[in-house]
Amino acid sequence: MTLAEAMPVSGATVAPELVLRVEGLCVSARTEQGLKPLVQDLSFDLTKGETLAIAGESGSGKSITSLAIMGLLPQPAVRVTGGHIRFGGQDLTALSEPALRGVRGDRVAMIFQEPMTSLNPVMTVGTQLAEAIRAHEAVSRSEARKRAVEALRAVRLSEPERRMGQYPHELSGGMRQRVMIAMALALRPEVLIADEPTTALDVTVQREVLDLLRDLQAQLGTAIILITHDMGVVAEMATRVIVMRQGRQVETAPTTDIFDRPKAEYTRALLAAVPRMGQGAARPPVAGEAIARLDDVVVRYSLRGGLLGRVQQNVHAVEHVSFDIRKGETFALVGESGCGKSTIAKALVGLAPHQGRIEIGGQAMEGLDAAGLKAMRRKVQMVFQDPMAALNPRMRVGELIAEPLLIHGIGDAASQRAKAADLMARVGLEAAQFNRYPHEFSGGQRQRICIARALALQPDLIIADESVSALDVSVQARVLELLRTLQAEFGMSYLFISHDMAVVDNISDRVAVMYLGQIVELGSRTQIFDNPQHPYTRRLINAVPIPDPKQKRTTSPRASSEIPSPLHPPGQQPGRVLLRDIGDGHLVGTEI
């Protein structure tokens, strides 16, 4: 049922303006056995100002549908084999590539799921933004640059003028995603396809981005196709929902009906897997020995400039951070993008130079030689935020999962292969996928490969840096349950870095809240979520989308000033946060 069909009929009613129509879309991949259907007989209408959500498990055909609309399928390996995509009186499936370029980006834009692989690594952020603007509009370089800065400021990126001169690798994952959103919004498209647009964003920035998308709709009537596994975002943003599974449309209905009266069993299972705040099981405190310990850790990056290349400024990524992670514990680290969470993770595995002391299993990391670092890394494994950037595109998946065993000389080739196959099954991948390459998997499937690879050595500590952020809710629930099972079986500890507060509430034992490189609150899960003391902690919790369309927030308080930056000129160092105990180990920061 389309939105037009769902609207009441009256003499004064004006039918919504149709902007996009998909009719019987079929997309297939060419294999040795012939054509394999990826999307089958998909039909829907999109009207001006509407937000249509497409939900379903990774690999269900959501992203393939969006690529087909944009004309970005990797032909001839994957192509449209049936149906029509009609926009502005044209069938997009019949247009030539030059004609599609006139539509793509300008009238129909897309925010991609993986920003690091979507941005050109050898071009600055500013160059890429200005290039996109000038490709579709006859404006000068200075005007394009001005509009690019405005776009970065609109998505609340700190110091937008300085970010213009940076390269993608110099930004955090959340910052890169904001750059992608700015690029898509800069040309004010008629249709915006948002493929997991807030996956890499913390909840506060997610809140601002959702408000930004609403503003765009209110001003221009932009129609949005929202592809997401976050059912809280679906409940808050969508007018209608299409649920997909294995390339087919399982159910479509207004958002309220999907949440209140789902007809398909698969839809009911999908909603049952959604993590909700306040549903975390009560757990006794973990009192084991410390597996990892950080004592007054500082990480700063120098920015050089001028003719002599002298240090002109410092990025204060991590400032005087101290905490420990106990055996068998899940210690969560939460905070905004760029606050230093991933930098701490890198310091723990020896990938970021630091001051202070870090101990792994009672052994200090400082002063270790190459052999010592290698032995230490067997105890600590990491699941990175961006799965495509973390996997070697030239290696098969089975080889990637078995590679840690090969590096550390564990077992022979046959046992390594058997271990890799077992790990694939445990994270929900099929044995038939063993010899495929990373690009043949969806984003969520690639993250599962990374998790399997990290589990290969059965380490004492796994650092999970946004490890489930790319997964749909049903797979996310299975992976989180897998992490709990492995923890119970092997006594492993987790440093769980996430911006998904509902997931943190469900899995963590203790939580540390970071802001601008410093910990401002630390306590048990119950203390942090039931009795948050620091204003920033309360702000994070209040920004979480609620997976109930009846409780959607149509507006939220807007920040009146630019988002703070960890960059401080010499002589203006940030204040040091002193954590004071307010009872039972609940620490709250005050600046000194």
Review point. Counting distance only, does the side-chain N/O of Arg326 pair as donor-acceptor with the main-chain N or O of Val286 below 3.5 Å?
Key: yes

**Study point:** For Pro168 against Leu119, the heavy-atom pair lying closest together
**Key:** CG-CB, 3.8 Å

Revision key, fill the gap. Nearest heavy-atom approach of Ile410 to Arg378 is CD1-NH2, 3.3 Å

Review point. Take atom CD in Glu489; do more than 12 heavy atoms of anything else shown fall under 6.0 Å from it?
Key: yes

Check your understanding: side chain to side chain contact (heavy atoms under 4.5 Å, CB included) with Met501: which of Val334, Asn542, Ile528?
Key -> Val334

Exercise for review: Could I get the full list of side-chain hydrogen bond (donor to acceptor under 3.5 Å, both in side chains) partners for Ser415, not counting sequence neighbours?
Suggested key: Asp412

Check your understanding: What are the two closest non-hydrogen atoms of Tyr266 and Arg245, and how far apart are they?
Key -> CD1-CD, 3.6 Å

Check your understanding: So does Asp505 pair up with Arg525, basic N to acidic O under 4.0 Å?
Key -> yes

Check your understanding: What pair of heavy atoms forms the shortest contact from Gly328 to Ser493, and how long is it?
Key -> N-OG, 3.0 Å

Exercise for review: Step by step, work out the side-chain contact (heavy atoms from CB on, under 4.5 Å) result for Leu495 and Val380.
Suggested key: CA-CA 10 Å; Leu495 174 58; Val380 183; over 6 Å; no

**Study point:** Side-chain ion pair, Arg276 and Asp548, N-O less than 4.0 Å
**Key:** no

Study note, to complete from the structure: The reported gap from CD1 in Ile401 to CE in Met395 (rounded to nearest 0.5 angstrom) is 10.5 Å

Point to revise | Residues that Thr537 engages under side-chain hydrogen bond (donor to acceptor under 3.5 Å, both in side chains), provided they are two or more places apart | key: Glu521

Review point. Taking NZ, NE, NH1 and NH2 as the nitrogens, is one of them in Glu481 or Arg484 under 4.0 Å from a carboxylate oxygen of the other?
Key: yes

Review point. What closest approach, in Å, do Ile463 and Ala345 show between heavy atoms, and which atom pair accounts for it?
Key: CG2-CB, 3.5 Å

Review point. Taking the side chain as C-beta and beyond, is there a heavy-atom pair between Val577 and Ile519 under 4.5 Å?
Key: no

Exercise for review: Output yes when a side-chain donor or acceptor of Lys341 lies under 3.5 Å from a complementary backbone atom of Met514, and no otherwise.
Suggested key: no

**Study point:** Gln487 side chain to Met492 backbone, donor-acceptor under 3.5 Å
**Key:** yes

Exercise for review: Using distance alone, with no hydrogens and no angle criterion, decide if His499 and Glu466 have a side-chain donor and acceptor under 3.5 Å apart.
Suggested key: yes

Point to revise | Salt-bridge present (Arg207, Glu236; N to O < 4.0 Å) | key: yes

Check your understanding: Is a donor on one side and an acceptor on the other found under 3.5 Å between the side chain of Glu336 and the backbone of Tyr515?
Key -> no

Check your understanding: Between Arg448 and Glu57, does at least one N-O distance fall below 4.0 Å, as a salt bridge requires?
Key -> no

Review point. What's the spacing between His320 NE2 and Leu294 CG if we round to 0.5 Å?
Key: 14.0 Å

Practice item. Describe, in one word, how the ring planes of Tyr536 and His534 are oriented to each other, choosing from parallel (under 30°), tilted (30 to 60°) and perpendicular (over 60°). Key: perpendicular

Review point. What heavy-atom pair brings Gly372 and Asp369 nearest, and what distance separates the two atoms?
Key: N-OD1, 2.7 Å

